[in-house]
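This report refers to the structure that appears directly beneath it.
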Amino acid sequence: MGGGAAFLDYDNDGDLDIYLSNGHQVLPAARDGERGRNRLYRRGADGRYTDVTLHSGLGDPGYGMGVATGDVDNDGDVDVFVTNYGPDSLYLNNGDGTFADITSAAGAGVEGWSASAAFCDFDRDGYLDLYVTRYVDFRPERRCTGKAGAPEFCGPRSFRPVHDVVLHNQGDGTFRDVSEAAGIASTLAAGLGLICLDVDGDGWQDVYVANDAYPNQLWINQGTGEVSFQDEALIMGVAYNLHGQAQAGMGVIAEDLDGNGAFDIFLTHLTNEANTLYSDMGGGAGYRDESGASGLGPSSMRFTGFGVVAFDTELDGDLDLFIANGKVNVARPVPGSNLPPPWNTLPETNLFHLNDGSGRFTRSGGEAGVLVSRLEISRAAAGGDIDGDGDIDLLVGNLLGPARLYRNDAPRSGNWLSVRAYDPELGRDALGARVSVMVGERRLERQVTTASSYLTSHSPVLHFGLGEAGKVDRIEVRWPDGSTEVFPGTETDRAITLRRGEGERTDG
């Protein structure tokens with residue numbers, strides 16, 4: 001199921017470093033202490049990466065799954081939460097290139113089999129809380145078979161489902177498990193991907209969880225000042241697909257894919273299920289399954305999708321999609337795979353879809369090159385601008401193979417702008433802020449987050465493709481506390497930082 005991947009600037013030098021989580025072919029109790037450790041790579045001024053794991057202290061020895069990044073103590077340095085099959089870990093950034101394991105002292109340990117995690121400020125107290133999806137109560141001794149009786153990897157329904165975990169940041173360096181009080185402990189499922197977003201526009205961060213073989217959850221924040229949620233996935237139309245089926249939810253994103261100013265939800269799924277696009281109908285009316293009309297469903301039928309990244313490949317002003325694929329069920333050996341059985345039945349090529357600007361997608365083939373031609377068992381996928389040239393590059397985590405770092409060299413059809421939304425009072429990036437860039441009659445929307453895709457974390461810096469526009473007219477920011485500021489326009493092809501308090505307040 002693993003492993004995870006992250007783009008992060010852990011040393012605050014302005015470029016993106018890489019963190020990779022590792023599992024192993026055997027469970028933790030039967031393996032040595034080094035082979036499966038996670039790895040941190042620092043990007044140097046020459047664009048090359050150096051393994052700094054040993055010095056950094058981030059070589060978590062657990063059976064690695066996902067990565068979440070966020071500044072838990074508001075000191076300006078990004079901290080790291082690692083999910084595992086087994087105890088999770090929280091690492092505090094010391095600000096000198098090293099990390100301290102504060103899991104026990106902070107009360108941030110989560111047991112069981114965790115998957116994706118996200119830092120979000122659920123009660124708007126200025127400190128980042130943590131939502132952790134958990135998969136199943138795995139029993140290694142369980143043996144499963146396929147329809148023909150041959151050995152097969154067990155599916156999620158072979159084990160007892162579990163509930164997710166919410167940890168509330170107390171603001172004093174400790175966390176408290178509020179899963180029961182928050183209302184999520186009574187729902188049992190097999191959680192994998194998740195996103196934080198403000199679905200109903202009330203200024204409070206909600207959570208959408210992609211579940212494997214169980215209905216998805218849309219936890220609406222009740223906005224009481226306490227961490228409290230209510231699941232409204234069913235009434236909002238995002239629990240099941242168009243046919244009323246629960247699917248094998250893996251990766252998930254929330255982005256404005258059709259350019260109407262609302263955040264749509266896209267999920268990756270198992271072979272023959274089709275990936276699903278839930279289009280936001282606006283006005284609080286919920287979502288509509290547009291998987292078929294968008295072209296994203298039919299093209300994914302024979303693939304098993306995991307990580308997903310939405311990014312403007314050629315900077316024309318709309319968001320394209322990259323999907324990392326890799327089967328989970330034993331089948332016929334894949335021609336060209338050099339992996340041993342049964343792993344040689346799982347590799348797939350990845351998918352890349354170009355957006356026509358209206359939320360209709362076309363699958364790209366040869367023009368995407370190695371991005372969609374390699375046969376690998378891919379899982380995590382993250383996007384980030386590694387070389388500062390304004391377009392998004394891709395990081396992909398693979399099973400039984402090397403991680404891949406893909407530099408975006410696609411021909412450009414437009415200009416760009418990258419935006420960092422920063423809160424000087426908190427001393428960190430404003431996770432949960434919504435940024436709107438106005439270019440003529442167009443309004444481009446993004447949300448500040450580090451969590452999306454599958455087992456993945458990425459930079460909170462937002463990237464906008466602007467097409468042929470030579471300038472941005474103005475920028476609006478709705479900050480996590482609900483206040484709104486307008487910032488003046490700017491020239492294109494540059495990176496800017498918007499600081500809370502320096503814009504013009506428009507909310508009175």
Side-chain angles (χ1 to χ4, degrees), residues 116-124 128-131 133 164 166 182-184 187 189 191-211 214-242 247 249 251-267 276-291 308 310 319 359 421 430-436 443-453 460 462 476-484:
S116 298
F119 282 109
C120 314
D121 184 3
F122 294 125
D123 56 354
R124 302 204 319 196
L128 295 176
D129 310 305
L130 188 63
Y131 191 107
T133 65
D164 295 337
V166 177
I184 72 165
T187 300
L192 287 177
L194 84 159
I195 47 174
C196 295
L197 73 162
D198 182 6
V199 171
D200 49 7
D202 65 352
W204 297 83
Q205 289 287 288
D206 311 306
V207 181
Y208 184 76
V209 180
N211 289 317
Y214 292 84
N216 302 316
Q217 297 146 353
L218 177 55
W219 294 109
I220 297 297
N221 194 326
Q222 299 302 288
T224 62
E226 302 291 332
V227 184
S228 178
F229 296 100
Q230 181 172 321
D231 184 9
E232 297 186 11
L234 184 59
I235 63 174
M236 294 293 283
V238 290
Y240 303 92
N241 68 4
L242 179 66
Q247 296 177 283
V252 59
I253 56 171
E255 297 284 358
D256 181 10
L257 297 178
D258 53 11
N260 68 350
F263 292 124
D264 311 303
I265 296 175
F266 177 79
L267 296 96
T276 301
L277 173 63
Y278 295 109
S279 179
D280 190 327
M281 293 187 288
Y287 296 81
R288 179 175 56 244
D289 188 335
E290 292 280 359
S291 309
V308 53
L319 292 172
L431 299 192
R434 179 167 178 153
V435 177
S436 306
R443 184 183 183 100
L444 305 176
E445 301 277 355
R446 301 282 192 278
Q447 56 182 343
V448 181
T449 180
T450 59
S452 65
S453 187
L462 304 175
E476 295 180 5
V477 181
R478 182 177 181 180
W479 299 101
D481 65 356
S483 65
T484 302

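Starting from 1, each residue takes its place in the sequence as its number.
- The side chain to side chain contact (heavy atoms under 4.5 Å, CB included) with Gln217 is formed by just one residue from the set Leu194, Val209, Val238, Ile184; it is Val209.
- Counting all heavy atoms, side chain and backbone alike, Ala210 lies closest to Leu267 at CB-CD2, 3.5 Å.
- A donor-acceptor pair under 3.5 Å is formed between the side chain of Asp206 and the backbone N or O of Val199.
- Nearest heavy-atom pair, Ala433 versus Val477, reported as atom, atom and distance to 0.1 Å: CB-CG1, 4.3 Å.
- Ser116 contributes a side-chain N or O that, together with a main-chain N or O of Leu192, makes up a donor-acceptor pair within less than 3.5 Å.
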*After noting the C-alpha distance and the side-chain angles of Trp219 and Thr187, does the key distance pass the side-chain contact (heavy atoms from CB on, under 4.5 Å) rule?*
CA-CA 11 Å; Trp219 294 109; Thr187 300; 3.5 Å; yes
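- Asp123 places no side-chain N or O within 3.5 Å of a backbone atom of Glu226 that could act as its donor or acceptor partner.
- Taking 4.5 Å as the limit, every side-chain heavy atom of Leu234 sits out of range of all side-chain heavy atoms of Pro215.
- Side-chain atoms of Val252 and Ile265, non-hydrogen and from C-beta on, do get closer than 4.5 Å to each other.
- Not a single donor-acceptor pair under 3.5 Å links the side chain of Thr484 to the backbone N or O of Arg478.
- Put simply, the side chain of Glu255 does not reach to within 4.5 Å of the side chain of Val308, judged on heavy atoms.
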_Between Asp200 and Met236, is the side-chain contact (heavy atoms from CB on, under 4.5 Å) condition met? List the steps._
CA-CA 10 Å; Asp200 49 7; Met236 294 293 283; over 6 Å; no
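- Gln447 and Leu462 make their closest contact through O-CD2, 3.3 Å (heavy atoms, listed as atom of the first residue, atom of the second, distance).
- In this structure, the side chains of Asn241 and Ser291 stay at 4.5 Å or more apart for every pair of heavy atoms.
- Looking at Asn216, its side chain does come within 3.5 Å of a backbone N or O of Asn211 through a donor-acceptor pair.
- Atom-to-atom distance recorded for Cys120:SG and Leu128:CG is 8.0 Å, nearest 0.5 angstrom.
- Considering only heavy atoms from C-beta on, Ile195 stays 4.5 Å or farther from Phe263 through its side chain.
- Taken from CZ in Phe266 to OG1 in Thr276, the straight-line distance is 7.5 Å, to the nearest 0.5 Å.
- Between the Asp264 side chain and the Leu257 main chain, a donor and an acceptor come within less than 3.5 Å of each other.
- Here the side chain of Asp231 pairs a donor or acceptor atom with the backbone of Leu218 at under 3.5 angstrom.
- Taking CG of Leu130 as the start and CZ of Phe122 as the end, the distance is 8.0 Å to the nearest 0.5 Å.
- Side-chain atoms of Arg434 do not come within 3.5 Å of backbone N or O of Asp198 as any donor-acceptor pair.
- Considering CG of Leu319 and CD1 of Ile253, their distance stands at 8.0 Å, rounded to 0.5 Å.
- For Cys196 against Gln205, the heavy-atom pair with the smallest separation is CB-OE1, 3.5 Å.
- What you find for Asp256 and Gly261 is that their closest heavy atoms are OD2-N, 2.8 Å.
- Between Asn221 and Phe229 there is a side-chain heavy-atom pair separated by less than 4.5 Å.
- Closest heavy-atom contact between Ala421 and Trp479: CB-CZ3, 3.9 Å.
- A heavy-atom distance below 4.5 Å is not found between the side chains of Asp289 and Leu277.
- Tyr208 is listed as a side-chain neighbour of Tyr278, based on a closest heavy-atom distance under 4.5 Å.
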